[in-house]
Amino acid sequence: MDIQENTQEKPLDFIRQIIADDLRSGKHAAIVTRFPPEPNGFLHIGHAKSICLNFGIGLENNGPCHMRFDDTNPSKEESAYVESIMRDVRWLGFDWGKNLFYASDYFDQLYDYAVQLIRMGKAYVCDLTGEQIREYRGTLTEPGRESPYRNREVAENLDLFQRMRAGEFDEGSRVLRAKIDMASPNLNMRDPVIYRILKVAHHRTGDRWCIYPMYDYTHCISDAIEGITHSLCTLEFEDHRPLYDWVLDTLATPCHPRQIEFARLNLTYTVMSKRKILQLVNGGYVQGWDDPRMLTISGLRRRGYPPSAIRSFCAQIGIGKKESWIDMGVLEDAVRNDLNETAPRVMGVLDPIKVIIDNYPESRVEEMEAQNHPQRPEMGARMLPFSREIYIEGSDFMENPPKKYFRLGPDREVRLRYAYLIRFVSMVKDEKTGEIVEIHCTYDPATRGGTAPDGRKVKGTIHWVSANQALACPVRLYDRLFTVAHPDAEKDVDFKDYLNPDSMKILDNCMVEPALAGMEPGSQVQFERQGYFCLDLIDSKKGRPVCNRIVTLRDSWAKEQGR
RNA sequence: UGGGGGAUGGUCUAAUGGUAAGACAGCGGACUCUGACUCCGCUUAUCGAGGUUCGAGCCCUCGUCCCCCAGCCA
């Protein structure tokens, strides 16, 4: 697979420029990056940006990109998340080869480094409570005060730290802190906690440890151990960089990677934070983490997004330091572009209305040849059964059509795609409801295939399925989860108030062409004139498809009507 | 009123002292057996004020606005 598809001719983003400079100057002969998720939740489209960046840079420079789980907080982490994260990254098309790591692999080394820090007089065991530590830390504008335990002897610190590890003290009773500067204007430098007691089993190390290292201390050392050259993270870690550098400058680590921060992804019409996504799942607003309306990787997969579309989206939005909101339309555009190239075309009628072709022989069934992709003849053709009774789309007939309506109506002629020209004769309405229940037409036998030998022009072409051979197929129409571009913009309004009540519509009466019966769950198709759909991975069975709408086609008629 | 970042069309991204470019959105048109695709055209931007320079989005100065930081989370 050519994963570099969209990275070829674009100008380099600022991170890739730094990397190119480092290569050119000889600072580095090779590049090593890493993707460092915490296994405490599912990956979403925002992570995809980071994945594409880190693995993309790896691919471009023939350098590895390590997969490293940042698993230093066992109270939140589970191996189930490890599995799902690996699955999602692989599905996105990336491969870490043998470079699978866990921060927990480094617990022994991390401990040894901490002992070194103590020996250097650069770390101390502090007995202050959490609350006291906060009080001593000072505020944004006032310096902090030194802990009364700050000047403990090295020997005492060593002893206490060893006993912390041995489990002699209660959770929360003591921590190990780096001794830096309580007056620093950067709060992260005011003697940050680097180890805390957590009497919790770890998903990988079990009960071996009851003290666990903190992120700031762990991440930089893990990077250094692995020989990472460029450690890419999001903007909120900018303030942490001085601490990242302090640890690596203080300790004799194998190398000193450079941390570079970039802006995280924000998308309109959705929420991105783990906390809010969790609320949607736990509150039953969506049907789980892989609900097709969710922008989790698993949700996108279930929705039918090809990984290549997500990759090209990530390439398109670029990397910068400015906080930005990408319009959902850009993501949708990326899927349409991708699927337009690859998805076979198919006939599917979502809101069937029966058409009876009065002059067509009752028992006859013809086979009409239909292209699988009009622009790609190499994708071949299939045969569509045609007969006297067919279904067409409810919206393709109007009793009183407005101007510029090209479809079927009284006294009109339209083309049935790949079949015949038909002309309206009459319609039958339900006596009680007034609803149109069937339409009678005649066909022109001379127009087989869809072209009139007399050269007469027919503006409208509509899709159809043969009533007898059609396959009933439940369809779910998905739409944006929220009705406003920035659902979580207002602090005093619950973002859930903006949930789109029509984000999922379930249609039970859809009729699709028989070819769908032979398709594998997960396959993507275009229902001509309607949109891209996929056969649901879970609910579709061979021969009994259930389809999800991935995205609609652009629809200039709908736009016209909206005016 | 501490520290760290950031400001280019409606939204993203580029221009690395030398014609402000591309994508998405929008508008208009062509083509069309998908009102799709494709193609053509158009509208819309350098936060402000000074300065340096032949020349500034880019360099300097002073402002303005926005974001992040006071977890024993990552």
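Just so we're on the same page: letters track the sequence lines, and every chain starts at 1. Excluded from the calculations below are hydrogen atoms, water molecules and symmetry mates; all remaining heavy atoms, backbone and side chain alike, are included. All of these numbers come straight from a predicted model, not from anything done at the bench.
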No-H, no-angle donor-acceptor pair, A:Glu77 side chain to B:A74 base, under 3.5 Å:
no

Please give the nucleotide sitting opposite B:C65 as a Watson-Crick or G-U wobble pair, both distances under 3.5 Å, or none.
B:G6

A:Leu140 has its side chain closest, among B:G2, B:A74, B:A36, to B:G2

What nucleotide, of B:A70, B:A14, B:A36, holds the atom closest to the side chain of A:Pro11?
B:A14

Please confirm whether any donor atom in the side chain of A:Gln526 sits under 3.5 Å from an acceptor in the base of B:U34, or the reverse.
yes

Footprint string (nucleotides 22-30 of chain B, 5' to 3'): B base within contact, S backbone only, - free, heavy atoms under 4.0 Å:
-SSSSSS--

When you compare B:G35 with B:A20, how far apart are their C1' atoms, in angstrom units rounded to a whole number?
36 Å

Side-chain donor-acceptor pair under 3.5 Å between A:Glu366 and A:Tyr420, yes or no?
yes

Whole angstroms only, please: what is the CZ-C1' distance between A:Arg529 and B:A36?
10 Å

Geometric cation-pi criterion, A:Arg68 with A:Phe101: 6.0 Å, 45°
no

Would you indicate which nucleotide in B:C68, B:G6, B:A74 comes nearest to any side-chain atom of A:His240?
B:A74

Give a yes or no on whether A:Glu367 atom CD has more than 12 heavy-atom contacts from other residues, nucleotides or ligands under 6.0 Å away.
yes

Considering only side-chain heavy atoms of A:Arg134, which listed nucleotide, B:G5, B:A70, B:A74, is closest?
B:A70

Which of B:G5, B:A74, B:G4 is nearest the side chain of A:Tyr215? It is B:A74

For A:Phe313 and B:U11, what is the distance between atoms CZ and C1' respectively, to the nearest whole Å?
12 Å

Can you check whether A:Arg190 has a side-chain N or O nearer than 4.0 Å to OP1 or OP2 of B:G3?
no

Any donor-acceptor N/O pair under 3.5 Å between B:G4 base and A:Asn186 side chain:
no

Quick one: label A:Thr451 by what it contacts on the DNA or RNA (base, sugar-phosphate, nothing), any heavy atom closer than 4.0 Å.
base

Salt bridge or not for A:Asp216 and A:Arg241, using N-O below 4.0 Å?
no

A:Arg554 with A:Asp333: basic N within carboxylate O range, under 4.0 Å:
yes

From the list B:C67, B:G4, B:A7, which nucleotide is the closest neighbour of the side chain of A:Glu323?
B:C67

Any ion pair linking A:Glu135 and A:Arg145 (charged N to carboxylate O, less than 4.0 Å)?
no

A:Leu187 has its side chain closest, among B:C69, B:C72, B:U34, to B:C69

Lys/Arg-Asp/Glu bridge criterion (N-O < 4.0 Å) met for A:Arg16, A:Glu60:
yes

Nearest to the A:Thr141 side chain among B:G3, B:U1, B:A74, which nucleotide is it?
B:U1

For A:Gln375, answer base if it contacts any base atom (sugar-phosphate contacts may also be present), sugar-phosphate if it contacts only those atoms, and nothing otherwise; contact means non-hydrogen atoms under 4.0 Å.
base

Could you let me know what B:C73 is paired to, Watson-Crick or G-U wobble, both distances under 3.5 Å, or none if it's on its own?
none

Selection from B:A74, B:G4, B:C69 that lies nearest to any side-chain heavy atom of A:Glu238:
B:G4

With the threshold set at 4.0 Å, does a side-chain nitrogen-carboxylate oxygen contact exist between A:Lys321 and A:Glu238?
yes

Suppose you measure atom C1' in B:C37 against the same atom in B:U32; what distance do you get, rounded to whole Å?
9 Å

If you check the A:Lys322 side chain, which of B:C73, B:C72, B:A7 turns out closest?
B:A7

